[in-house]
Amino acid sequence: HSGEELQPQPDFYKTQMCPNVLLTGACARGAACNFAHSGNELRRTRFPSGREIAQQSHRTLLLEEARSLAQMKAQIAELT
């Protein structure tokens, strides 16, 4: 392909929450991780067409919900 045919790729850096942080609350990669470790780090990106992507994928939302449930179960266990 020629240079005119190639489209720039969108930058997905920090556009989704880190699965490790969501499941365990920590990430061994730290600042070197390509995923966001907090809502403040989440960013949006644009495709070359101008269409924006959502900050969180469906999978990320499910992981957050699972982590939240696990935390609630741990808190209940501590109370009993």
Could you please spell out the steps behind the side chain to side chain contact (heavy atoms under 4.5 Å, CB included) verdict for Tyr13 and Arg43?
-> CA-CA 8 Å; Tyr13 181 74; Arg43 53 180 286 281; 4.2 Å; yes
Would you tabulate the side-chain donor-acceptor contacts of residues 20-34 under 3.5 Å, counting partners in other chains and residues two or more places apart, or write 'none'?
from  : atom 1 : to    : atom 2 : distance (Å)
Thr24 : OG1    : Asn20 : O      : 2.7
Thr24 : OG1    : Ala26 : N      : 3.3
Thr24 : OG1    : Ala26 : O      : 3.1
Arg29 : NH2    : Ala32 : O      : 2.9

Which residues share a side-chain contact (heavy atoms from CB on, under 4.5 Å) with Gln71, sequence neighbours left out | Arg67
Heavy atoms only: give me the nearest Gly39-Met17 pair and the separation to one decimal.
-> N-SD, 4.3 Å
Which donor-acceptor pairs under 3.5 Å do side chains of residues 72-79 form with protein atoms, sequence neighbours excluded?
none

Can you find a pair of side-chain heavy atoms, one from Leu42 and one from Lys14, that are under 4.5 Å apart?
-> no
